[in-house]
There are 2 protein chains.
Amino acid sequence: MTNIQRAKETEATGEGFLKSIAIDAVIFGFHDNQLKVLLIEYKRTGLFGLPGGFVRVDEDLNTAALRVASERTGLTDIYLEQFYVFGDYSRYDPSRFKTIMTANGQSPTEDHWLLKRFVSVGYYALVDFTKVNLAPAAIFDSCNWYDLNEVPTLIQDHNGIIKKALEALRLSLDNKLTGFNLLPRDFTMGNLQTLYETILGRKLLRPAFQRKMLALGILERVAKKWTGGAHKAPYLYRFVAGKTINSEI
Amino acid sequence: MTNIQRAKETEATGEGFLKSIAIDAVIFGFHDNQLKVLLIEYKRTGLFGLPGGFVRVDEDLNTAALRVASERTGLTDIYLEQFYVFGDYSRYDPSRFKTIMTANGQSPTEDHWLLKRFVSVGYYALVDFTKVNLAPAAIFDSCNWYDLNEVPTLIQDHNGIIKKALEALRLSLDNKLTGFNLLPRDFTMGNLQTLYETILGRKLLRPAFQRKMLALGILERVAKKWTGGAHKAPYLYRFVAGKTINSEI
DNA sequence: TATTATTGTAACATTATGTTACAATAATAA
DNA sequence: TTATTATTGTAACATAATGTTACAATAATA
């Protein structure tokens, strides 16, 4: 995503971008049996927030969301889903952008386009934690994984956005089988179950879970895995794409 | 929603509105055992489309959607749900707005804000057909109910928007019990079942459906109804609000 | 008063899910 | 080398949910 001669967000007029529309991305990863979320830290401000961005005038909205998620993770093939548009007037708070800019020696003009009101399209992304290469978006920030239950206070309504993203993810787990996007190609049934348990926030019964997952017919058993644990080695499974599930509820 | 001294959408600059953001409302009704959708006809153009609108700079996005739906139906208490944001660049087609304006003796300037690209937030609304009073939005259009399987070709991607709204409605039927918003206060089990069958697009088994609905504990049996049919009279039911369903999937 | 069409629901069949139990086995330790 | 340990895979049963058949109840009509 090199945009050498293309417009920058930081230009005052916002030339080249759709006005009033922002994208916020809740990028989920799964590591050490914990759900992680990718957060931005704005340097010299102590402010944290979700990675976000704007839509170029010649760019699809979904493409813009993919670009935002790609820029931070280094991945190109990302499972992305719109989950809500945050458009309350009360979200409007120009002071935050001013703070970030001034903390870095810049002073935006009063009519800077980023000081106007934005409606934000929320996307959640599911990525394979092991494949991600974190990269800051601008010189003003850095980005890192945070455990979902150790998320600091974020700017604006970003804590609420994460909450809503998690709710949407929970619903899509059963309907769309999205969970696999959070795992590496090969995984054990135990991996899968703890992933489900973490997202759903409750324990599941092992035999029932295994029976159900296998009955879906979307898992291919690939090989044994010798973990090094003093116990029977689990099988490795792989998600078999191309099979759609009819979730006739 | 009287906005006497407030800005109008038709002004060239779009002063007072958020730029680049539109709202499209798929307003569903249910009548004669048929799902209906409310469509706008733009006069002297032969063009049909969904009711839509824009967001005022001091207005919540959801409030704007409610305003759009209210203006057409005359209702104030409307079940509304965001279901998708349509943001592909390929949607961009300024000619449509030109056609509608010129058909009515107006000629928008080349830099009219409505000739720019918009991203559209899709909402679906569920209304009690019997309570609706249709009202056109502007002097350029009229609005009417259309049977869902007799929808004409619509402007832009509006046919696709309806399709996606229906898919979202189908999912919410079981999870959120939204169906009742389409029925009058009192209804028979038969009414409810045909509503479900119409939305889901398939037949349901009567005993199982009745058993399930009653088991939900959200229906109050109010009285007998004497329809005039040569058969046993059905009970009337009423939706008992306040009871939330835990759709632990 | 018999007929008709539809309603309400019981009763059973089937499927899905919850739960208990136990054999299989990779690593560790005796 | 062999017993121990912790975990895995799954059978087997229990319970709940859903699918299906059947039939009595009854409001209007003939």
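Within every chain, numbering begins at 1; the chains are lettered A, B, ... in the order of the sequence lines, protein sequences first and strands thereafter.
Qualifying side-chain hydrogen bond (donor to acceptor under 3.5 Å, both in side chains) partners for B:Thr198, counting only residues two or more places apart in sequence or in other chains: none. For A:Thr45, the side-chain hydrogen bond (donor to acceptor under 3.5 Å, both in side chains) criterion is met by no residue, not counting sequence neighbours.
The NZ-P distance, from A:Lys203 to C:dG18, rounds to 16 Å in whole Å. Atom CG of B:Leu214 and atom C1' of C:dT7 are 12 Å apart (whole Å). Look at OH on A:Tyr235: it is 13 Å from C1' on C:dA26, rounded to the nearest Å.
Evaluation of atom-type donor-acceptor distances gives a pair under 3.5 Å for the side chain of B:Arg211 against the base of D:dG19.
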Pairs under 3.5 Å (Watson-Crick or G-U), crossing ones as [ ], inter-strand ones as |: DNA chain D comes out as ||||||||||||||||||||||||||||||

Given side chain to side chain contact (heavy atoms under 4.5 Å, CB included), test A:Leu47 with A:Ile40 step by step and report yes or no.
CA-CA 8 Å; A:Leu47 296 179; A:Ile40 298 293; over 6 Å; no

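Out of D:dT10, C:dG18, D:dG19, the shortest distance to the side chain of A:Gln210 is found at D:dT10. Side-chain proximity of A:Arg206 to the nucleotides C:dT17, D:dT10, C:dG8 is greatest for D:dT10.
Between A:Phe118 and A:Phe54, a ring centre-to-centre spacing shorter than 6.0 Å is recorded.
B:Arg91 and B:Asp24 are joined by a salt bridge, as a carboxylate oxygen and a charged side-chain nitrogen come within less than 4.0 angstrom of each other. The pair A:Arg238-A:Glu220 does not count as a salt bridge, with every side-chain nitrogen at least 4.0 angstrom from each carboxylate oxygen.
Summary of the strand contacts: A:Pro234 and B:Phe209 both lie near DNA chain D, and taking for each the nucleotide with the nearest heavy atom, the more 5' one is attributed to A:Pro234. When each of A:Pro207 and A:Ala233 is assigned the nucleotide of DNA chain C bearing its nearest heavy atom, the one mapping closer to the 5' terminus is A:Pro207.
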